[in-house]
Amino acid sequence: MAPATPSPEIPNPNSAGDWTIVSRRRRGRLKPDRPKNQLAAGPRSPVDPPSPWIPLDPFVDHELQSKLLRRMESTIQRLERSPFYRRFLRRLRSPLVQRALSRALSSASEMRMVVYGVGSIESSGPSRLQLALAVLLRRDLGTAVPSLEVFDPVLSATECAVLAALGGAVIPVDERGRREASEPTLFYMPHCEASLYDGLLEVNWRPSCLSRMVVLGNSFTAYDQYVELGRSACSAAVEMAARRLLQVRRYVTEVEMEEKGEARAILEHKQDEEDDGIFKAFHDTSWHFFELDDEANLDFLKQDFCR
């Protein structure tokens, strides 16, 4: 076995922040059946700066790296051959989605792609599938998306090395989802905390930034049920986040990843996809495109939150 060596690329100390940290002693990072709405820590000030970060395990295990890279390549190939991905591609290439992507790009030629919350690709099959979708999506979008940036606080140095081998770069700070869309940006956030979505929306809470954003993640409409059923009542901060998602819906075109008319095809393949973990990895995921005039007034939410 090759000796484990430190990873020189990833600097600075950890911070769990608004993330849910899952111990590696549990083999399998199971994603919930609904959008997560629990904060790992108390609410943070919106002015908190990004925290420098290093992996929990700062050493690269080269033998594990090779094994994990092979598993990821196999997962990418399996997902690419799946009925789910064929349906995903049809949706991606539909006129509605293509027009919305072009609108977010505006006059720019490139779009950044940022992935939050992919989880541990070593211990979780759904996490490997979610990362595989990011790799395939970046490939299928071509030169319009020249880079892939990834962050999750549970990543190890070995997993970071695998991401680099797949063409991704690990973000060296915990942004807590608060990346400003100063240029066209695709945010891929599979099954992330409501608080991370809230941080992303809050830091971009003006028409010029929202219009440059595309979000592929939890369906915003799904939060309606959880607020109505009182499932976010355990945390005022989470309820605030969910209400922001609900209120921003008036400006959002939400596109489910699969056509409703394909229900029969979905049912035919449902058992196979559940066995493969595909349903668990991608259920309740939608595209979100923001359509606001430059003069749109978004102060109403701030007033609601102050009350």
Side-chain angles (χ1 to χ4, degrees), residues 1-16 19-31 52-82 84-85 88 112-141 145-175 179 186-192 216-217 276-278 280-282:
M1 176 187 298
T5 58
S7 174
E9 301 82 8
I10 312 295
N12 307 322
N14 272 310
S15 170
W19 301 85
T20 296
I21 303 295
V22 181
S23 170
R24 289 179 178 276
R25 293 179 183 175
R26 296 172 61 186
R27 303 300 295 177
R29 183 175 182 266
L30 299 181
K31 303 288 188 181
W53 174 86
I54 57 171
L56 296 174
D57 177 2
F59 297 94
V60 175
D61 182 326
H62 295 291
E63 183 177 358
L64 177 59
Q65 178 188 354
S66 297
K67 178 180 178 182
L68 186 53
L69 181 58
R70 289 194 298 271
R71 291 182 76 182
M72 274 304 310
E73 290 170 341
S74 175
T75 300
I76 292 169
Q77 293 171 7
R78 177 163 61 90
L79 182 63
E80 187 176 19
R81 294 193 298 263
S82 70
F84 163 82
Y85 192 67
F88 177 82
R112 303 186 75 162
M113 183 171 178
V114 177
V115 181
Y116 292 133
V118 76
S120 170
I121 59 173
E122 176 190 347
S123 59
S124 169
S127 292
R128 288 190 291 275
L129 284 163
Q130 289 164 355
L131 179 60
L133 182 64
V135 172
L136 289 171
L137 177 58
R138 179 196 170 193
R139 183 201 67 185
D140 289 317
L141 288 173
V145 181
S147 63
L148 178 65
E149 301 173 72
V150 182
F151 182 80
D152 193 297
V154 305
L155 291 172
S156 68
T158 301
E159 291 170 317
C160 291
V162 171
L163 282 165
L166 294 170
V170 178
I171 302 169
V173 295
D174 184 351
E175 300 174 323
R179 169 75 69 94
L186 165 58
F187 293 96
Y188 174 39
M189 302 172 65
H191 298 319
C192 279
L216 178 60
D276 285 344
I278 290 177
K280 180 174 217 138
F282 301 115

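If you read the sequence from its start, that first residue is 1, and numbering goes on from there.
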**Student:** Show the nearest heavy-atom pair for residues P126 and A281, with the distance to one decimal.
**Tutor:**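 Heavy atoms of P126 and A281 come nearest at O-CB, 3.8 Å.
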
**Student:** Any sub-3.5 Å donor-acceptor pair from R128's side-chain atoms to I121's backbone N or O?
**Tutor:**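 Looks like yes, one N/O pair under 3.5 Å.
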
**Student:** Mind checking whether R139 and E80 have side chains closer than 4.5 Å, heavy atoms only?
**Tutor:**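 The answer is yes, as the side chains (C-beta and beyond) meet within the 4.5 Å cut-off.
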
**Student:** Would you find a donor on one side and an acceptor on the other, under 3.5 Å apart, between the side chain of T75 and the backbone of R71?
**Tutor:**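 Looks like yes, one N/O pair under 3.5 Å.
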
**Student:** For V154, does its backbone N or O pair with a side-chain atom of S120 as donor and acceptor, under 3.5 Å?
**Tutor:**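 No, because the side chain of S120 does not come within donor-acceptor range (under 3.5 Å) of the backbone of V154.
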
**Student:** Give a yes or no on whether the backbone of V145 and the side-chain of R112 come within a donor-acceptor separation of less than 3.5 Å.
**Tutor:**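 A pair under 3.5 Å: no.
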
**Student:** Any idea which heavy atoms bring L155 and G119 closest together, and the distance?
**Tutor:**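 That closest heavy-atom pairing would be CD2-O, 3.6 Å.
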
**Student:** With side chain to side chain contact (heavy atoms under 4.5 Å, CB included) as the test, would you mind laying out the steps for L136 and F88 before giving the verdict?
**Tutor:** CA-CA 11 Å; L136 289 171; F88 177 82; over 6 Å; no

**Student:** Is there a side-chain contact between L163 and L131 (heavy atoms, below 4.5 Å)?
**Tutor:**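 The answer is yes, as the side chains (C-beta and beyond) meet within the 4.5 Å cut-off.
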
**Student:** Quick one: CE on M113 to CG on L186, what's the gap to the nearest 0.5 Å?
**Tutor:**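 The distance works out to 5.0 Å.
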
**Student:** Do you know which two heavy atoms are closest between S156 and P55, and how far apart they sit?
**Tutor:**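 Minimum heavy-atom separation between S156 and P55: C-CB, 3.6 Å.
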
**Student:** How close do C192 and G117 get, heavy atom to heavy atom, and via which atoms?
**Tutor:**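 The pair with the smallest heavy-atom distance is SG-CA, 3.9 Å.
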
**Student:** For Y188 and Q130, which I'm curious about, is there any donor-acceptor pair between the side chains at under 3.5 Å?
**Tutor:**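 Distance-only check fails for Y188 and Q130.
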
**Student:** Taking T158 for the side chain and Q65 for the main chain, is one N or O donor matched with an acceptor at less than 3.5 Å?
**Tutor:**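 Side chain of T158 to backbone of Q65, a donor-acceptor pair under 3.5 Å: no, none is there.
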
**Student:** Give the C-alpha distance, both sets of side-chain angles, the deciding distance and a yes or no for side chain to side chain contact (heavy atoms under 4.5 Å, CB included) between I171 and V173.
**Tutor:** CA-CA 6 Å; I171 302 169; V173 295; 4.0 Å; yes

**Student:** Can you name the closest pair of heavy atoms from L129 and F282 and give their distance?
**Tutor:**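 Heavy atoms only, the tightest pair is O-CZ, 3.3 Å.
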
**Student:** Under the 3.5 angstrom rule, does the side chain of E159 hit a backbone N or O of E122 as a donor-acceptor pair?
**Tutor:**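 Checking the backbone N and O of E122 against the side chain of E159, a donor-acceptor pair under 3.5 Å is found.
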
**Student:** Start with the C-alpha gap between L133 and L79, add the side-chain angles, then the distance that decides, and say whether side chain to side chain contact (heavy atoms under 4.5 Å, CB included) holds.
**Tutor:** CA-CA 8 Å; L133 182 64; L79 182 63; 4.0 Å; yes

**Student:** Nearest 0.5 Å, please: how far is CG in L166 from CE in M72?
**Tutor:**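 So the CE of M72 and the CG of L166 are separated by 5.5 Å.
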
**Student:** For R179 versus Y116, what's the shortest heavy-atom pair and its separation?
**Tutor:**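 Heavy atoms of R179 and Y116 come nearest at CB-OH, 3.1 Å.
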
**Student:** Please name the residue in the list R70, H62, E63 that meets the side chain to side chain contact (heavy atoms under 4.5 Å, CB included) test with S66.
**Tutor:**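 Of R70, H62, E63, side chain to side chain contact (heavy atoms under 4.5 Å, CB included) with S66 is met by R70 alone.
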
**Student:** Do the side chains of V114 and F151 get nearer than 4.5 Å, heavy atoms only?
**Tutor:**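 A side-chain contact under 4.5 Å is absent here.
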
